[in-house]
Amino acid sequence: MDHPKHSSLGSNLAFLALFLACVVYVCIWSSSSSLINPLFPFQKRGVDCASQTTTAAATTEFNVVEDELETVLGKASMDNKTVIIAVINTAYAVQDVKADTTMLDLFIESFWQGEGTRTLVDHLVLVAVDQTAFDRCMFLRLNCYRLETEGVDFGGEKLFMSEDFIKMMWRRTWLLLEVLKRGYSFVFTDTDVVWLRDPFTKLSKNETEDLQMSTDMFFGDPWNASQLINTGFYYVRSNNKTIALFDRWYTSKDNATGLKEQDVLLSLFRGGITGELGLRVRFLDTLYFSGFCQNSKDFGQVTTVHANCCRSIVAKVKDLKAVLRDWKRFKRFMSHKRSSGTSTTSFQWTGHFGCWNSWAVPRNSGNATHKT
């Protein structure tokens, strides 16, 4: 009569022994691995296996650093993986004591005042090279990325061609190479460029053209590599050829002491790199993509205005404010019926007196800008 009980008890003891053996095995096996056991996806932190509570918790914790650049690029990207990129520092983002606006404020204001440009702000990535500029960007609720450079403070206004100025330009080139490697095409724009119309309507849509770059002076031939290029505004498609170009451009910095990145790129163009890599590079007409070096001759065609050929932030801000006033005056006039039949070439820009006079300021005055 007692045999069934003994048999049941023996079976239970055997099962219990087997269960305990499995638990010990799992604890020993998991402690010898630095990875979570893929066979136990339900495993949680804090499971106590004998005396190794702390060790087990450590082995199950992922210290994954989120790729912040990819995150912000993905958020800002257009459907065709194109973004707009600008770089800012404190000098461009924060008002001076005597100032009533900033370069960044004017830049963003141009998207509001421009034709077909308001929605483009959603695709703009502001790359901040110092913490104050990043904080300002976040306050404006834009797409912001913090680019750090160990041992360099990029916060203040950088003297043109100073050591820190050159470092900042090369650091920027490195970042843009990284963007291309991730498969993103982009329009790069300096923040001293005001956007009066959607530039994508004037940029070539021919996908065989790899790079479209602005010029200080346009000589009539968009394929002439001797054009005076300006890296303050350009459009580049991400492909193997442009990645190779930017890689060659960036690595050339080691043999370019005292040269800014724009000079090095111009040298590469004139040295035949476009043919070597099979690149098609279009140089942009200042009729559409103008600047203070060469004004657009037609308010009806102008798309962007760059405060180039200028030496100080104060001068740039003064003259870009005049550009926006000219633009608003033009729009108001053209909105009236009396504008019917009026030639848009009859409107003239206000003289860029601030920038013209900036060259008379002694170079050691501390008022030289970071970019001409």
After noting the C-alpha distance and the side-chain angles of F218 and F283, does the key distance pass the ring pair (Phe, Tyr, Trp, His ring centres under 6.0 Å) rule? CA-CA 8 Å; F218 184 70; F283 299 97; 8.7 Å; no

Please examine the side chains of [Y] and [X], heavy atoms only from C-beta on, and report whether any two atoms are closer than 4.5 Å.
X	Y	value
K260	D263	yes
M217	T286	no
F269	V281	yes
D190	V193	yes
F134	C144	yes

Euclidean distance, [Y] [atom2] relative to [X] [atom1], rounded to 0.5 Å:
X	Y	atom1	atom2	value
S290	L196	OG	CG	7.5 Å
T304	L284	OG1	CG	8.0 Å
Q294	F219	CD	CZ	8.0 Å
L324	E109	CG	CD	6.5 Å

Do you see a donor-acceptor pair shorter than 3.5 Å between the side chains of [X] and [Y]?
X	Y	result
T215	Q227	no
T102	D105	yes
N308	D216	yes
T189	W195	yes
T173	E261	no
N80	T82	yes
R237	S185	no
T350	D326	yes
T90	D130	yes
N239	T242	yes
T208	N206	yes

So, for [X] and [Y], which heavy atoms are closest and what is the spacing to 0.1 Å?
X	Y	value
Q95	A99	OE1-O, 3.4 Å
Y184	E70	OH-OE2, 2.8 Å
L320	D192	CD1-O, 3.7 Å
C355	C309	CB-O, 4.2 Å
R248	I273	CG-CD1, 3.7 Å
L120	P199	CD1-CD, 4.1 Å

Evaluate T231 against R172 for side chain to side chain contact (heavy atoms under 4.5 Å, CB included), listing each step before the verdict. CA-CA 11 Å; T231 54; R172 182 180 82 179; 3.7 Å; yes

Would you please test F292 and W356 for ring pair (Phe, Tyr, Trp, His ring centres under 6.0 Å) and show each step? CA-CA 9 Å; F292 293 173; W356 295 339; 8.6 Å; no

Indicate yes or no for a side-chain donor-acceptor contact from [X] to the backbone of [Y] under 3.5 Å, with no hydrogens or angles considered.
X	Y	value
N143	L124	yes
H123	A76	yes
D198	T117	no

Is the number of heavy atoms from other residues, nucleotides or ligands within 6.0 Å of [atom1] ([X]) greater than 12?
X	atom1	value
D122	CG	yes
K297	NZ	no
E207	CD	no
M138	CE	no

Centre of F333's six-membered ring, under 6.0 Å away, within 45 degrees of the axis: is that where NZ or CZ of K331 sits?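 Judged by the rule (NZ or CZ under 6.0 Å from the ring centre, within 45° of its axis), K331 is not positioned above F333.
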
Do R280 and W223 form a cation-pi contact, if we require the NZ or CZ to be under 6.0 Å from the six-membered ring centre and within 45 degrees of the ring's axis?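 Here R280 passes the 6.0 Å and 45° test against W223.
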
Set of side chain to side chain contact (heavy atoms under 4.5 Å, CB included) partners for S267, sequence neighbours left out: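 Side chain to side chain contact (heavy atoms under 4.5 Å, CB included) check on S267 returns nothing, list empty.
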
So which of L268, L211, L279, L245 actually passes side-chain contact (heavy atoms from CB on, under 4.5 Å) with T274?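 That would be L279.
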
When you look at W170 and Y250, which way does the side chain to side chain contact (heavy atoms under 4.5 Å, CB included) test go after all the steps? CA-CA 7 Å; W170 284 119; Y250 179 69; 4.2 Å; yes

Linking I/L/V/M/F/W/Y whenever any side-chain heavy atoms sit under 4.5 Å apart, do F299 and Y288 land together?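 Shared cluster, no.
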
Mind checking whether F246 and L69 sit in one hydrophobic cluster, side chains of I, L, V, M, F, W, Y counted as touching below 4.5 Å?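 Yes, same cluster.
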
Side chain to side chain contact (heavy atoms under 4.5 Å, CB included) between V87 and Y145, intermediate numbers included: CA-CA 9 Å; V87 177; Y145 177 71; over 6 Å; no

Taking the six-membered ring for Trp, is the centroid-to-centroid distance between F233 and F289 below 6.0 Å?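 Close enough - the centres of the two rings lie under 6.0 Å apart.
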
Go through the steps for N230 and H306 under the test side chain to side chain contact (heavy atoms under 4.5 Å, CB included), then give the verdict. CA-CA 10 Å; N230 192 300; H306 186 189; 3.2 Å; yes

Go through R282 and D221 one step at a time and tell me if the salt bridge (Lys or Arg N to Asp or Glu O under 4.0 Å) criterion holds. CA-CA 9 Å; R282 177 188 290 272; D221 181 1; over 6 Å; no

